[in-house]
Structure formats: C-alpha cells, structure tokens
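Here is the structure we will look at, set down as structure tokens.
Throughout, numbering of the chain's residues begins at 1 and tracks the sequence.
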Amino acid sequence: MRRQNKVPLGALAIIFLALAAVAWIIFLWPSGSKSVVEDFYEYESEAEFGKSWDLLSSEMKLRFPNRADYVQNRSHVFLQHMDVETFQYDVGRVKKVKNWSLDKDGRVHKTAFKIPVTQVFNSRFGVFTLEQDCYVVKEKGEWRLLWNYQFE
C-alpha cells in the first residue's frame, strides 16, 4: 500500500520560492552595490585612482572625462596638498532610493542605492573626517558609482 504525502506539493513549492527569495535578497541584492563602493575606496586608499575612475558611472565620467586628469587631480589634492599617504574608510548601510538623479538636470534613475562613506585622513593638517553619500546604479549590467551634485 502506498503512503500518502502529508504536505501538498503546492505548499512545498511556495516554501521553496520563499526561501529562494530570501536567499536572493541576503546574498545577491544589493550586495554588489556595496562592494563597488568598497572597491572604489580601497583603490582610492591605495592611490590607485585610475582603477577607482574605472568604477565611476558614465555620468560621472562626463564630469571627469579624462582618466589621467582625474588621477592627477585626486593625487594632487590628497597626496600632495594634504600630505596623506593613505586613509581609513567605513562603508555604511545600503538604502534603496527611487527616482534619483545626481543633479537637477541629470538622468533620473528609477532605482539607486545610497551608501554613506566616512573617510578618516591623517594629514599635515591633523586628523579630519570626510563624510559623503555615494550612489550606485546598474549600468550595462555593472554596478557604477556616482556622487551627489544637487547643490542647494
């Protein structure tokens, strides 16, 4: 005689889908957005400004169209003027934002992720802290970084 399954197949499917959705949220979304910010500031802290420029969005690259100029400016400001060899940074919690643009005339992104970053510099001017919100969007399947230019 055949034994009856006590849990209906539909209920098992719903449980499986719910677990898959939770796993997707925990492991895949939006962790990539945070890791691009971590990579960006890791490159910056190691004075690898060319690698960090590569992670900027196309909108940001309109503001910094020449990779060599970006590298020179970042190096000049942080390494030469402030006499900073490296810095520590902390990447905060990811917050999803809707209909965000980097400035009042910029492209509106349906979904972006706001990620606060705190940098601590030991410089010739003493220890100082810089806090900046970064925004991350998907661009051609890749996470890319933007800064906020919505000046008041």
For a side-chain contact (heavy atoms from CB on, under 4.5 Å) check, start with the C-alpha distance between Q132 and N148, then their side-chain angles and the critical distance, and finish with the verdict. CA-CA 9 Å; Q132 184 176 27; N148 185 351; over 6 Å; no
Take E59 and H109, measure what side-chain hydrogen bond (donor to acceptor under 3.5 Å, both in side chains) needs, and give me the verdict at the end. CA-CA 11 Å; E59 288 176 275; H109 298 275; 2.6 Å; yes
From CA spacing to verdict: side-chain hydrogen bond (donor to acceptor under 3.5 Å, both in side chains), Y89, E44: CA-CA 10 Å; Y89 63 93; E44 294 267 306; over 6 Å; no
Between V136 and V37, is the side-chain contact (heavy atoms from CB on, under 4.5 Å) condition met? List the steps. CA-CA 8 Å; V136 178; V37 173; 3.4 Å; yes
Show your reasoning for whether side-chain hydrogen bond (donor to acceptor under 3.5 Å, both in side chains) applies to H76 and Q80. CA-CA 5 Å; H76 189 74; Q80 294 168 11; 2.6 Å; yes
Does F121 form a side-chain contact (heavy atoms from CB on, under 4.5 Å) with V127? I'd like the steps, not just the answer. CA-CA 6 Å; F121 297 91; V127 177; over 6 Å; no
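The closest side-chain heavy-atom distance from E48 to W53 is not below 4.5 Å. Side-chain contact between Y41 and C134 is present, with heavy atoms from C-beta onward closer than 4.5 Å. In this structure, L56 and R144 have side chains that are not in contact, with every pair of non-hydrogen atoms separated by 4.5 Å or more. The closest side-chain heavy-atom distance from I115 to V91 is below 4.5 Å.
Using modelled atom types, one side-chain atom of E139 and one backbone atom of S58 make a donor-acceptor pair closer than 3.5 Å. At distances below 3.5 Å, at least one donor-acceptor pair connects side-chain atoms of Q150 with backbone N or O atoms of S101. Remark: the backbone N or O of G126 is paired with a side-chain donor or acceptor of S123 at under 3.5 angstrom.
Remark: R63 engages D103 in a salt bridge, criterion side-chain N to carboxylate O under 4.0 Å. The existence of a salt bridge linking K51 and D39 is excluded, since no basic side-chain nitrogen approaches an acidic carboxylate oxygen closer than 4.0 Å.
The aromatic rings of F78 and F49 sit parallel to each other, their planes meeting at less than 30°, with 60° as the upper class boundary. Aromatic ring pairs are classed by plane angle as parallel below 30°, tilted from 30° to 60° and perpendicular above 60°; the pair Y70 and F64 is perpendicular.
Using a 4.5 Å cut-off between side-chain heavy atoms of Ile, Leu, Val, Met, Phe, Trp and Tyr, with links allowed through other members, L62 and W100 fall into different hydrophobic clusters. Hydrophobic cluster membership is shared by F40 and L130, with clusters built from Ile, Leu, Val, Met, Phe, Trp and Tyr side chains linked at under 4.5 angstrom. Hydrophobic clustering, with ILVMFWY side chains joined whenever heavy atoms are under 4.5 angstrom apart, groups V97 together with V94. A single hydrophobic cluster is not seen to contain both V120 and M82; linkage of ILVMFWY side chains at heavy-atom distances under 4.5 Å, directly or through other members, places them apart.
With rounding to the nearest 0.5 Å, the separation of CG in L55 from CD in E42 is 12.0 Å. Atom CG of N73 sits about 9.5 Å away from atom CG of N66, to the nearest 0.5 Å. L102 contributes atom CG, which lies 7.0 Å from atom OG of S57 (distance to the nearest 0.5 angstrom). Atom CD in E38 sits 9.0 Å away from atom CG in D90 (nearest 0.5 Å).
The local environment of CZ in R124 is crowded, with over 12 non-hydrogen atoms from other residues, nucleotides or ligands closer than 6.0 Å. Annotation: E46, atom CD; neighbour count of heavy atoms from other residues, nucleotides and ligands within 6.0 Å is above 12.
Within the cation-pi definition used here (under 6.0 Å to the ring centroid, within 45° of the axis), K138 qualifies as a partner of W143.
The two residues V71 and G50 make their nearest non-hydrogen contact at CG2-N, 3.4 Å. What you find for H81 and F125 is that their closest heavy atoms are O-CE1, 3.5 Å. For M60 against L146, the heavy-atom pair with the smallest separation is CG-CA, 3.6 Å. Of all non-hydrogen atoms in K61 and D54, the two that sit nearest each other are NZ-O, 3.6 Å.
Taking the ring centroids of Y135 and W147, they lie at or beyond the 6.0 Å cut-off.
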